[in-house]
Each structure stands twice: as C-alpha cells, then as structure tokens.
Amino acid sequence: MRTLYVRPTGADMFGWRSGAGRTARALGVFPAGLLLAFGALMAAPPAEAATGGCPGELATTVPLATGEIRVYKTHARACVVAVAAHPGTRREMAVSVQPRGGVPVRDAGGFTRFAGPVTVPSVNRCVYVKGQVGSGAADSGWILC
C-alpha cells in the first residue's frame, strides 16, 4: 500500500494556525506598530537641529553683537556654525574655519537662523574661526590647540 504525502500550503506551511489565532496575532502587531509610529512623531527633535548640523561636543562659543559662533570638536574634526540671536529675519551671515597650516573653509549668504556648518580636519591642530551675523562680526584667534 502506498502512502500519499500532502504538502501543506499557505499558513499551514509555516506552522501558523489559520483562523482566530492568526487574526489575533495580526491584531496584536497593529497596535504595537501604531504606538511606535506615534512615538517617533512625538520624539524630541534630533540633536543636529540644536547644533546646526555639527557633530561632537560644544568646545567654545565666540559672542557677537547679533548672535554667536559655536565651535564643536570631535576627536578628528572641528565644526563651526554662526547662529543668529533672533532667528527669522533673512540677513547676511558668514562663518569660516581654518586649521593651522591649511586653507579656510567658508559658508556665506543670506540666512535666517545660522550659517554653516563648516568642518575641517583638526587632529592636534589649532583652528582659527571667523564669523558674521548681520552687522556683528568677530574672530577667535587660534583656539583648540
């Protein structure tokens, strides 16, 4: 006598039960996914928004009459942004950073919040930072030495 093997198909093929068990499992996943999506919407803004896109820790700030220049440092790079004290109004802004022995990197134009970020390699090197927000301008001298 010959035995015929019937190959499972669909949900039975993966060992899932069809019917109520499968529906309950699917309904349990939906609310969890909904909660994750809602949590992503309500999460705090990324740290990049507060830093103007610069990675690393805030190393120093250079005050201007109309804002400030923020200098961020990682183990290998220096990153700089010029931030307006009162964002919203489009004005001329500029920021540059130069590693000692290198060429300056600059960002300039009409911005509402900040100019930059500009980044340079600065492993064991001092950097020179300049910035302007509207009529206020300043430079740092050689820093992060």
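Count residues from 1 along the sequence.
Formation of a donor-acceptor pair under 3.5 Å by the Arg90 side chain with backbone atoms of Thr112 is not found in this model. A donor-acceptor pair under 3.5 Å links the side-chain atoms of Arg91 to the main chain of Thr89, judged by distance alone.
Thr66 is listed as a side-chain neighbour of Ser135, based on a closest heavy-atom distance under 4.5 Å. Between Val81 and Val95 the shortest side-chain heavy-atom distance does not fall below 4.5 Å. Val133 is not listed as a side-chain neighbour of Phe114, based on a closest heavy-atom distance of 4.5 Å or more. You'll find the side chain of Leu144 reaches within 4.5 Å of the side chain of Val71, heavy atoms only. Cys79 has its side chain within reach of Pro55: a pair of non-hydrogen atoms, C-beta onward, lies under 4.5 Å apart. Looking at heavy atoms from C-beta onward, Val127 lies in side-chain contact with Ser122 at the 4.5 angstrom threshold. With a 4.5 Å cut-off on side-chain heavy atoms, Val103 and Gln98 do not count as touching.
The two residues Arg125 and Gly101 come nearest to each other via the heavy atoms NH2-C, 4.3 Å. Taking all atoms of both residues into account, the shortest heavy-atom contact from Ala94 to Ala82 is O-CB, 3.8 Å. Across every non-hydrogen atom of Thr119 and Val105, the tightest pair is O-CG2, 4.3 Å. Across all non-hydrogen atoms, the minimal contact from Leu64 to Gly136 is CD1-O, 4.2 Å. Closest approach of Ala59 and Lys73 over heavy atoms only: CB-CB, 4.0 Å. Nearest approach of Ile69 to Lys130, heavy atoms of both residues: CD1-C, 3.9 Å.
In this structure, the separation between OH on Tyr72 and OG1 on Thr61 is 9.5 Å, given to the nearest 0.5 Å. One distance of note links CE of Met93 with CZ of Arg113; it measures 10.5 Å at 0.5 Å rounding.
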Yes or no on side chain to side chain contact (heavy atoms under 4.5 Å, CB included) for Tyr128 and Val97, after CA distance, side-chain angles and deciding distance? CA-CA 6 Å; Tyr128 193 88; Val97 59; over 6 Å; no

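No continuous path of hydrophobic side-chain contacts links Ile143 to Val83 [ILVMFWY only; heavy atoms under 4.5 Å].
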